[in-house]
Structures are given as structure tokens and as C-alpha cells.
There are 2 protein chains.
Amino acid sequence: MAFPKQVRLAEMSPRDGLQNEAGPVIATEIKTGLIERLADCGLTHIESASFVSPKWIPQMGDAADVMAGIKRRSGVRYSALTPNLKGFENALAADVDEVAVFGAASESFSQKNINCSIAESLERFLPVMEAAQKHNIPVRGYVSTVLGCPYEGDIAPEQVARVAKDLADMGCHEISLGDTIGVGTPFQAKRMLEAVTKHVPVERLAAHFHDTYGQALANLYAVLEEGVAVIDASVAGLGGCPYASGASGNVATEDVLYMLSGLDIRTGVDLKKLVATGVWISNQLNRPNGSKVGQALKS
Amino acid sequence: MAFPKQVRLAEMSPRDGLQNEAGPVIATEIKTGLIERLADCGLTHIESASFVSPKWIPQMGDAADVMAGIKRRSGVRYSALTPNLKGFENALAADVDEVAVFGAASESFSQKNINCSIAESLERFLPVMEAAQKHNIPVRGYVSTVLGCPYEGDIAPEQVARVAKDLADMGCHEISLGDTIGVGTPFQAKRMLEAVTKHVPVERLAAHFHDTYGQALANLYAVLEEGVAVIDASVAGLGGCPYASGASGNVATEDVLYMLSGLDIRTGVDLKKLVATGVWISNQLNRPNGSKVGQALKS
């Protein structure tokens with residue numbers, strides 16, 4: 001129960017951000033330009049692509065080209081989402097540093113979103129886990145709807161803990177806890193985290209909060225107080241969950257970094273460069289900058 | 001050092017909100033319509049006008065008409081800003097329930113903004129304090145730039161404490177601590193509050209945080225933890241400090257209320273009606289709704 005001295009920011013914009021952008025497919029060069037700029041800001045974990053069927057998410061259809069196009073920077077982890085073995089094999093061929101799988105904490109969400117139970121969804125990851133282990137690729141596990149579900153509302157913390165434990169037991173080295181519809185508030189975030197840490201140590205957990213209801217920073221402050229030291233965020237607040245109403249998606253990396261700096265928590269990320277990157281990508285996509293810090297500090 | 005069970009929301013939109021709106025002077029009927037709707041939401045403290053020379057703030061030139069035009073609801077405190085005795089007399093004639101004076105925590109801000117030292121500015125309030133006492137009108141004291149100043153940067157917590165104590169000693173029943181440029185972060189807010197509570201009990205303090213850097217809810221959470229039980233906010237995030245860059249001003253009342261509800265803190269305010277009020281005033285002013293909750297829940 002102490003604030004961490006250092007936090008790793010896991011940058012979600014190239015994947016969780018761009019995959020939810022409406023409009024035409026974004027040019028590969030913009031994606032690689034974004035990823036290279038993010039690495040130049042000092043971010044050491046960049047979720048760069050999703051190896052999923054382009055029939056499902058056309059915006060991610062150029063995942064292999066993106067991975068091939070980026071100038072890699074040493075010390076940076078370029079990760080990708082791989083929902084199945086085919087995706088994993090493509091990600092492996094594209095030389096990703098880490099892959100990720102995702103389960104839901106809500107049974108209704110799992111059923112309506114991927115047409116199977118939570119248990120079935122986790123079972124489908126077994127071949128990915130096995131292949132990843134064989135090739136010595138670390139796997140990150142996402143749990144969605146940890147603070148609420150668009151179909152069933154509140155989610156019991158124990159239910160989140162169960163799914164997190166299952167993913168950890170399957171071999172995920174890190175579990176990212178996602179309030180993917182951004183409905184949670186601080187006590188709720190704390191209670192959820194307390195339930196999860198009974199099964200998975202806090203060192204292996206990440207907070208992935210969306211800002212749909214403006215609560216993300218308050219919720220992050222509450223879980224930082226419990227020792228969470230990995231935070232997922234997206235520059236300029238890019239992206240969001242298509243199932244949540246409202247305009248906001250992932251919490252903006254700039255806003256998180258500003259708070260962490262004020263709390264004297266080290267990240268190694270340069271705020272000025274990050275603000276410039278948020279301004280640049282917002283201009284490229286012709287969308288408003290979703291970061292308040294970005295708005296306030298843009299020159 | 002415990003979260004309060006109940007919080008009073010002090011609604012700033014008709015004054016701190018509208019006075020900072022650019023564009024043409026807003027019709028009196030829109031102002032009275034806003035105030036009546038806010039009272040109907042369950043808000044019991046509405047800062048309704050500023051009795052200041054219209055030469056200085058044309059947007060507040062109809063303060064007397066606003067006060068005369070609203071249908072008063074019993075149990076609601078309709079307050080107004082009164083920077084000098086003339087303003088106080090006009091406010092008294094308009095039958096306000098509470099008046100307010102404001103000092104800065106930053107010497108540079110005081111000099112550049114009102115051309116006198118902090119000590120001189122407080123001295124100028126003495127006739128107001130005296131007249132208010134004579135007429136049995138409670139006086140609220142605002143302290144601005146409590147977490148940072150656009151001219152001198154960081155502000156020592158002890159400096160805030162000194163000005164807060166002076167205002168309390170002069171007879172202000174409540175002191176509202178304003179991060180008027182929205183630059184603070186949670187530890188800083190806590191440290192400032194700790195310094196102030198050495199001189200003024202927390203029961204007499206309010207938190208008045210702007211959301212320019214997106215930090216307001218996290219900062220509020222941090223001071224709620226220290227027992228603050230009065231929060232200033234503005235529906236739809238109306239207004240802002242003209243000295244701060246960026247688009248955001250006062251933290252949105254909807255976003256604060258959503259968090260408080262999640263923390264099981266009572267306010268007596270109806271979120272659904274408040275969201276509708278934020279949508280209504282945003283439409284009237286033809287400006288974007290600055291509340292994320294308002295954006296997410298608008299129907």
C-alpha cells in the first residue's frame with residue numbers, strides 16, 4: 001500500500017487507439033511515424049498492432065507492414081494483440097517482442113462480443129500460450145469490463161480476480177485490468193484491485209482505464225496508492241471502446257504523465273515531446289486532441 | 001482524515017462560468033433559466049452573479065436583473081461576488097443570501113491582476129466585511145492560484161495558508177481554495193490543504209479546482225480523503241480562467257457528482273437533471289459540453 005517510485009507507461013495508441021478510429025483506413029506510414037515518435041518520447045512499451053483478421057478490424061489489416069516499417073529502438077518492447085494461433089504466427093513472423101490475449105470479466109460481454117463463454121474464450125488462447133512459450137515470447141493478458149459491463153452493469157471484483165488468475169495461471173506474465181467502458185470510480189477500482197491481488201501480485205498488474213466518464217485519473221491515483229506500477233494510456237486520448245457511449249476512450253498519456261510527474265513518480269518519458277506527438281497525430285487524423293494537457297501545452 | 005459522508009456542491013456556472021464566456025453578452029433570461037434549473041437539480045448553493053463594475057466584466061452587467069428575475073427556491077443559497085462596498089450594497093439591494101470576496105495566494109498575480117499587494121487587496125474588503133456583518137450576510141472568501149500562478153509558478157502552501165487565515169480572521173465563514181489555472185496534482189493539493197488546516201478547520205474549507213490539465217477529479221479525490229466536504233464546480237464545465245491556456249475551466253459538476261455517487265457520498269443532487277441542464281446551457285450558448293459524463297449520458 002505505497003505509491004510506486006517508478007511507473008511503466010504502456011502506450012496503447014497505435015493499437016487500442018487507432019483500431020477504434022472511424023473513417024478510412026489510416027496509412028501505414030502514419031502508424032509507423034506514430035510508433036517511432038512514441039519511442040523517441042522515451043516510451044518503452046508500445047502496443048503497435050493487432051494480428052487479427054482484417055475482415056474483423058480493417059484498420060489493423062497492415063499489421064505486418066507496420067511491424068516491418070518501424071525503425072526499432074533498443075530497449076523498447078513492441079507488442080501486438082494476437083487473438084489466435086494464426087495471429088500469433090503472423091506476429092512471430094513480424095518479430096514482435098510481446099503478444100497479448102484478451103478475456104472479458106463479464107459473461108454477457110463475452111457472449112455478445114465474441115459468441116462464447118469466458119471459459120471457452122480462455123481455452124482458445126491455449127495454443128497461443130503454448131506457441132509463445134515455445135518461442136520464448138512473453139504474453140500479456142487483458143481483462144476487459146473490470147469495472148462495469150454495457151450489458152450487465154456492475155461486475156463483481158471476485159469475477160475479475162477469477163479471470164485474471166486464469167490468465168496468470170495460463171502463463172501471462174502481466175495482466176492488464178481494463179475499465180474498457182470507463183464507468184468506474186476510485187473506491188470501486190481499489191476494491192477490484194484488492195480482489196485481484198489476492199491471486200496475482202500487484203507487480204504483475206497493469207491498470208488500463210478509459211476516460212469516458214472523466215474518472216480515469218482519479219481511478220489511477222487510487223490504484224497507484226495500492227502499488228500499481230504499470231499504466232496503459234493512449235497519446236491524445238486516441239481510440240476508445242465502440243461499446244461505450246460518449247467521445248472519450250483511453251485515458252490520454254499526456255494527462256497521466258503530468259499527474260505522475262506531479263507525484264514525483266519516474267517514467268522516463270519526455271512530456272514536451274509527448275505533447276508534440278499528440279498534436280502531430282491529431283493533425284494527421286484531423287481529430288480533436290483528447291488530452292487536456294495536450295490542449296493546454298500545445299504551442 | 002476520512003472521506004466525508006456528505007458533500008455540498010457549490011455551483012459556479014452562473015458566475016465563474018458565464019463571466020468567462022467569450023462572445024456577446026448572454027441574455028438575462030438564459031442566466032435565470034440556468035439558475036432555476038440548477039436549483040431544480042437539488043443544488044443548494046448557487047453563485048448567481050457578480051456585482052462588479054460592468055466596465056470590468058460586461059457579462060455580469062445585469063447582476064441585479066438576474067437576482068430579481070429568478071424564482072427563488074427555499075433552502076437554496078443564492079450567492080454573489082462583491083469585490084467592494086458598492087458591489088455589496090447592490091447585492092444587498094438585490095437580496096442575495098451570501099456574498100463573496102476574493103484574494104490571491106500569489107503576490108505577482110495580485111499585482112498584475114488587480115494592481116495591489118495581497119495585503120492591500122484584503123484591506124479593501126474590510127468595509128464589505130463590516131457591512132455584511134451589520135446586515136447579517138455571510139461572506140465567503142476565495143483564494144486564487146493556490147496550486148500555481150501563471151507568473152511565478154509554484155506557490156508555497158504556507159502562503160496559501162496565510163491568506164486563508166487572514167480571510168477567516170476577517171470573518172469569512174467559508175474559504176474556497178482555488179486552483180484557478182488548474183495546474184495542481186494530488187500530493188500538491190494534499191500538502192496545500194494540510195498547511196491551511198493548521199489555521200482554518202477543514203469544515204470551513206471548500207475545494208475550487210479547474211480542470212485545465214485534467215487533474216481536477218484526482219485532486220478532489222485527494223482532498224476528499226482529507227475531509228473536505230464542499231466542492232465548487234460548474235455544470236458542463238462552463239467558464240474558466242482567462243489567464244490559463246487551454247480550453248478547460250471549472251471542473252464539470254456532472255463529473256464531480258458521478259465520482260461522489262460512486263464513492264457513496266451524498267449530495268442531494270439529481271444526476272439526470274444535471275446532465276439535462278448541462279446539455280441545455282451548452283445548446284443555449286452554442287458551445288461544446290465540457291463534461292465527459294454529460295457527453296456520455298446525454299440522450
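A, B, ... follow the sequence lines: proteins, then strands. Residue 1 opens every chain.
Taking both residues in full, the closest heavy atoms of B:T212 and A:A296 are given as O-CB, 3.9 Å, listed atom of the first, atom of the second, then distance.
Using a 4.5 Å heavy-atom threshold, the side chains of B:D255 and A:Y213 count as separate.
Annotation: maximal heavy-atom pairing with chain A below 4.5 Å, among B:Q188, B:E254, B:Q215, occurs at B:Q215. When A:L260, A:T185, A:L220 are compared by the number of non-hydrogen pairs under 4.5 Å with chain B, A:T185 comes out ahead.
Note that the OH atom of A:Y221 and the CD atom of B:E225 stand 5.5 Å from one another [nearest 0.5 Å]. Rounding to the nearest 0.5 Å gives a distance of 6.5 Å between NZ of A:K292 and NZ of B:K292.
Contact of B:D211 with chain A is made through backbone and side chain together, with heavy-atom distances under 4.5 Å. For A:V183, the parts lying under 4.5 angstrom from a heavy atom of chain B are both the backbone and the side chain.
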